[in-house]
Participant: 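My questions will all concern the structure given below.
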There are 2 protein chains.
Amino acid sequence: MGATLRDVAREARVSTATVSRVINGRGNVTHETRARILGVVERLRYVPDSVARSLSTGLTHTIGVLLPDLHGEFFSEIIRGIDQAARRRGLHLLLSGIHGSAAEAALAIRALKGRVDGLLIMSPYADSAFLADHSADDTPAVLMNSPVRGNSHSSFCLDNRGGARAMVRHLAGVGHRRIAFIAGPRDNFDATERLAGYCEAMAELGPDLKELVLHGDFSEESGYRAAQRILALDERTDAVFAANDMMALGCLHAFNEARVSVPGDVALAGFDDIPMARFVSPPLSTVRVPMAELGARALDGIAAAASAPAATPNFTEIVATELVVRASCGAGLRDPGGESDARRGQRAPVV
Amino acid sequence: MGATLRDVAREARVSTATVSRVINGRGNVTHETRARILGVVERLRYVPDSVARSLSTGLTHTIGVLLPDLHGEFFSEIIRGIDQAARRRGLHLLLSGIHGSAAEAALAIRALKGRVDGLLIMSPYADSAFLADHSADDTPAVLMNSPVRGNSHSSFCLDNRGGARAMVRHLAGVGHRRIAFIAGPRDNFDATERLAGYCEAMAELGPDLKELVLHGDFSEESGYRAAQRILALDERTDAVFAANDMMALGCLHAFNEARVSVPGDVALAGFDDIPMARFVSPPLSTVRVPMAELGARALDGIAAAASAPAATPNFTEIVATELVVRASCGAGLRDPGGESDARRGQRAPVV
DNA sequence: ACTAGCGATGTAACCGGTTGCCTGATCGTT
DNA sequence: AACGATCAGGCAACCGGTTACATCGCTAGT
């Protein structure tokens with residue numbers, strides 16, 4: 001067991017209050033006394049116990065982060081953004097993956113009671129009603145990319161809908177008419193928003209556009225199978241827009257296998273801009289989602305709410321997405337190797 | 001503020017001790033009393049405060065995880081493995097990225113004092129001496145992929161050296177003689193081990209093999225530049241073995257730009273098996289490092305040490321790597337599209 | 001009838017800090 | 001010389017649980 005505050009106080013022949021003041025830099029201590037105490041602290045290798053401190057101050061300097069899954073780029077980028085923002089503010093992160101049911105999510109939330117100053121939640125189950133039921137009223141929470149009903153909580157959302165609309169407009173703009181969409185899981189918030197964006201844009205762009213929606217589950221394999229179904233159709237499809245990049249890559253595999261040229265025979269686009277997107281051939285047109293930024297903004301939001309619970313009004317903030325045009329959508333960039341275009345991506349080698 | 005144990009006790013007209021017994025399922029409580037207490041718990045929406053509980057039991061059920069960086073697949077896989085294992089044991093994860101100096105790492109460690117039951121550390125600075133200085137003696141720690149001196153701590157390491165040796169042997173086995181190595185950062189443990197494996201294998205395989213070591217920093221860009229340096233040499237190079245996949249991808253870009261065919265003119269291999277490796281063209285031969293498994297094993301290790309500090313002897317465990325042969329190393333698989341070979345990778349689409 | 005033994009519950013100390021309030025000393029003022 | 005202001009520092013309650021030990025009532029054993 002390490003030394004405690006009382007040990008230090010005894011050794012330095014002062015009261016615990018004085019030691020505490022020195023540790024926390026609150027004034028009103030003589031130079032001399034302070035030096036003596038610091039000497040003892042050093043000698044005893046005293047390190048304050050965070051848990052005890054949290055108990056008496058009610059502050060943990062920790063934010064609980066609940067994510068539905070920890071798989072892949074998508075989440076690692078969010079975590080990275082959150083971590084950076086947390087570091088800037090001197091906050092710790094308590095990470096929890098909630099894989100299963102709403103019940104598991106609820107359990108995770110209670111287990112965090114007292115341990116965190118605020119909650120950052122991304123989960124299909126986490127709408128406001130759910131939180132009201134399971135989260136303590138005294139722990140502020142903000143939602144990321146989750147369905148928000150009512151405004152009892154702040155939330156940060158990607159502009160999935162706008163991004164999908166932009167991509168559809170772009171595809172239509174370069175002449176594609178029959179644009180198929182491979183949707184994601186039905187119960188996934190991002191997926192339904194992207195689908196909605198596709199539908200909106202198709203409707204808006206007029207009746208000569210031909211809608212076609214297939215269902216996938218965000219996995220590469222489901223994209224592969226969807227592409228096969230598309231190839232089996234009688235009618236020709238001009239373009240395939242997958243609700244995420246992994247499914248687009250699955251499509252690409254299927255098209256390659258079937259000797260269908262991309263973008264020659266069919267245009268292809270994804271969503272997310274995972275790092276792989278610019279490395280495949282042809283480089284994949286996609287919609288970039290700034291996950292790290294989303295994470296960082298959300299952390300800033302919850303940090304503000306945690307430090308001034310009452311003063312922070314609830315709001316919903318939309319984080320913009322960005323259309324990334326590469327060769328796969330056939331937008332006049334017929335460079336098959338995609339070399340020149342790859343340089344357009346971030347982190348391209350500097351010559 | 002939520003209800004406290006004392007509130008519940010008062011409402012149920014029992015002592016706090018009895019409520020505590022009911023909450024923790026320790027017997028010796030009448031059915032009747034238990035029911036009454038649970039009723040009040042429900043009504044008051046009482047949730048025990050984890051911090052208070054930690055303070056009095058000395059147990060936090062939390063493991064602190066310190067990683068040098070949160071960037072990329074590599075770390076997200078580790079985190080995923082750790083999270084899975086932690087979930088199985090009902091442990092929480094306190095995540096911290098230590099970007100900067102050893103001083104920052106030390107600070108992070110102290111800040112965790114009392115908050116965690118154990119530490120899982122991956123850091124270039126974290127050798128045993130460092131830990132002895134900065135970590136409390138009462139907090140067990142295990143190291144991942146870090147230099148271990150002495151045996152005051154357990155550690156889990158990737159078999160970087162063996163993996164590099166295997167790749168060199170493979171490259172030599174398919175006929176390459178002049179095998180260049182692009183090393184990683186000099187102060188990085190993985191990097192130096194991989195370099196050592198390369199050197200060992202080259203030495204072992206005889207004097208007709210031609211060594212060439214260039215230095216990179218694990219970034220794609222540094223790989224790109226290293227490839228340019230290689231191309232500028234007078235002597236021809238048969239194969240390039242990069243110490244990680246990102247640098248190998250940088251090489252690939254450079255070779256493509258210079259119209260140097262891979263694997264026709266030069267073979268290429270990487271290390272890590274990031275998901276992208278099987279998607280590039282040609283698919284990249286590499287050494288797979290089971291990061292999730294490493295994370296899971298390490299978590300199991302620290303969990304054991306945390307629950308029975310004395311009973312757990314220190315040990316070093318080596319986690320095996322796996323040679324993944326694809327088209328880029330020119331091992332007789334001349335399929336340029338790499339279609340057939342891509343299927344060899346995990347998660348290939350099921351037809 | 002007496003008591004050892006047991007099960008249900010209460011009492012209060014404790015975990016390790018923080019902090020409001022109080023004391024006593026020093027110093028400046030008039 | 002008396003008095004209020006200012007400051008260093010101590011006292012003790014408090015945060016919200018846990019748990020060793022004490023207590024009390026009841027039953028079974030002799």
Side-chain angles (χ1 to χ4, degrees), chain A residues 1-38 40-41 44-62 110-117 136 138-139, chain B residues 1-38 40-41 44-62 110-117 136 138-139:
Chain A
M1 201 61 223
T4 72
L5 189 88
R6 282 176 237 276
D7 296 334
V8 175
R10 186 172 357 92
E11 290 282 312
R13 294 182 313 280
V14 293
S15 72
T16 60
T18 304
V19 178
S20 179
R21 285 182 195 116
V22 168
I23 298 292
N24 295 294
R26 293 197 214 311
N28 291 1
V29 182
T30 316
H31 246 316
E32 189 180 304
T33 312
R34 171 193 312 281
R36 179 156 38 95
I37 292 177
L38 288 180
V40 176
V41 163
L44 263 42
R45 304 174 133 267
Y46 167 72
V47 178
D49 183 300
S50 320
V51 162
R53 186 178 288 189
S54 290
L55 181 60
S56 60
T57 59
L59 256 36
T60 64
H61 300 290
T62 302
R110 344 202 101 193
L112 259 35
K113 158 81 185 277
R115 244 183 240 287
V116 300
D117 294 341
D138 52 343
T139 307
Chain B
M1 201 63 223
T4 72
L5 189 94
R6 283 177 236 274
D7 296 333
V8 175
R10 186 173 357 93
E11 290 283 311
R13 294 181 314 280
V14 293
S15 74
T16 60
T18 304
V19 178
S20 180
R21 286 183 195 113
V22 169
I23 298 292
N24 295 295
R26 292 195 217 312
N28 291 1
V29 182
T30 314
H31 246 316
E32 190 178 304
T33 311
R34 171 192 312 282
R36 178 154 40 94
I37 291 176
L38 288 180
V40 175
V41 164
L44 262 41
R45 305 173 134 268
Y46 168 71
V47 179
D49 183 301
S50 320
V51 162
R53 186 177 288 188
S54 291
L55 181 59
S56 60
T57 59
L59 255 37
T60 64
H61 299 290
T62 302
R110 342 202 103 192
L112 260 34
K113 159 80 186 279
R115 244 182 240 289
V116 299
D117 294 341
D138 52 342
T139 306

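Note on naming: letters A, B, ... go to the chains in the order of the sequence lines (proteins, then strands), and numbering restarts at 1 for each one.
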Participant: Using atom types as modelled and distance alone, determine if a side-chain donor or acceptor of A:Lys113 lies under 3.5 Å from a backbone N or O of B:Val47.
Facilitator: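 Yes.
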Participant: Figure out the NE2/C1' separation between B:His31 and C:dG7, and round it to whole Å.
Facilitator: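 Taking atom C1' of C:dG7 as the reference, NE2 of B:His31 is at 15 Å.
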Participant: Listing request: all salt bridge (Lys or Arg N to Asp or Glu O under 4.0 Å) pairs with a residue in residues 29-38 of chain A, at least two apart in sequence or in separate chains.
Facilitator: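 Residue pairs passing salt bridge (Lys or Arg N to Asp or Glu O under 4.0 Å), neighbours aside: none found.
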Participant: Are there any protein N/O atoms within less than 3.5 Å of an N/O atom in nucleotides 19-24 of chain C, and if so, which ones and at what distance?
Facilitator:
residue : atom : partner : partner atom : Å
C:dT19  : OP2  : A:Arg26 : NH2          : 3.2

Participant: Over how many whole Å does the gap from B:Asp7 atom CG to D:dC14 atom P extend?
Facilitator: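 That distance rounds to 15 Å.
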Participant: So, for A:Leu55 and B:Ala52, which heavy atoms are closest and what is the spacing to 0.1 Å?
Facilitator: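 Heavy atoms only, the tightest pair is CD1-CB, 3.8 Å.
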Participant: Mind grabbing the angle between the end helix axes of the helix from C:dA1-D:dT30 to C:dT30-D:dA1? Five pairs an end, 10° rounding.
Facilitator: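 Overall, the helix from C:dA1-D:dT30 to C:dT30-D:dA1 bends by 60° from one end axis to the other.
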Participant: May I ask you to decide if B:Ala3's main-chain N or O and B:Asp7's side chain share a donor-acceptor pair within less than 3.5 Å?
Facilitator: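 Answer holds: no.
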Participant: Once you round it to whole Å, what is the distance between C1' of D:dA8 and CD of A:Glu32?
Facilitator: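 Computing the A:Glu32:CD to D:dA8:C1' distance gives 11 Å.
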Participant: Locate the shortest heavy-atom distance separating B:Val51 from A:Ser54; write the atom from each residue and the value.
Facilitator: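 In terms of heavy atoms, the two residues are closest at CG1-CB, 3.9 Å.
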Participant: Would you say a side-chain N or O of A:Arg53 is under 4.0 Å from OP1 or OP2 of C:dT18?
Facilitator: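 Result: yes.
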Participant: For B:Arg6 and D:dT19, what is the distance between atoms CZ and C1' respectively, to the nearest whole Å?
Facilitator: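 Distance check: B:Arg6 CZ to D:dT19 C1' gives 13 Å.
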Participant: When the distance from CD1 of A:Ile23 to P of C:dG16 is rounded to whole Å, what number comes out?
Facilitator: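 That distance rounds to 15 Å.
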Participant: Using a heavy-atom cut-off of under 4.0 Å over every strand shown, decide if A:Val14 touches base, sugar-phosphate, or nothing.
Facilitator: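 The residue A:Val14 makes sugar-phosphate contact but no base contact.
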Participant: For C:dG10, does OP1 or OP2 lie under 4.0 Å from any side-chain N or O of B:Ser15?
Facilitator: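 Result: yes.
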Participant: Between CZ of A:Arg115 and OG1 of A:Thr62, what distance do you get to the nearest 0.5 Å?
Facilitator: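 It comes to 9.5 Å.
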Participant: Could you pull out the closest heavy-atom pair between A:Ala9 and A:Thr16, with the gap in Å?
Facilitator: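 Answer, listing the atom of A:Ala9 first, then A:Thr16: CB-N, 3.8 Å.
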Participant: Could you state the atom-to-atom distance from CZ of A:Arg115 to P of D:dG17 in whole Å?
Facilitator: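 Distance, rounded to whole Å: 13 Å.
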Participant: On DNA chain C, check which nucleotide each of B:Thr33 and B:Leu55 is closest to and give me the residue with the more 5' one.
Facilitator: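 Going by which nucleotide is closer to the 5' end, it is B:Thr33.
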Participant: If we ignore hydrogens and angles and just use 3.5 Å, is the side chain of A:Asp117 paired with the main-chain N or O of A:Thr60 as donor and acceptor?
Facilitator: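 Here the side-chain-to-backbone pair exists.
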Participant: Give a yes/no answer on whether the side chain of B:Thr30 brings an N or O atom under 4.0 Å of OP1 or OP2 in C:dT9.
Facilitator: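 The answer is yes; a side-chain N or O of B:Thr30 sits under 4.0 Å from OP1 or OP2.
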Participant: From B:Asp49 CG over to B:Leu5 CG, what is the distance, rounded to the nearest 0.5 angstrom?
Facilitator: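 Spacing of CG (B:Asp49) from CG (B:Leu5) equals 10.5 Å.
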Participant: Touch check for B:Arg13, heavy atoms < 4.0 angstrom, all strands: base, sugar-phosphate only, or nothing?
Facilitator: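 Sugar-phosphate, no base atom in range.
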Participant: Starting at atom CG of B:Leu5, determine the distance to atom P of C:dT11, rounded to an integer number of angstrom.
Facilitator: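 These atoms are roughly 14 Å apart.
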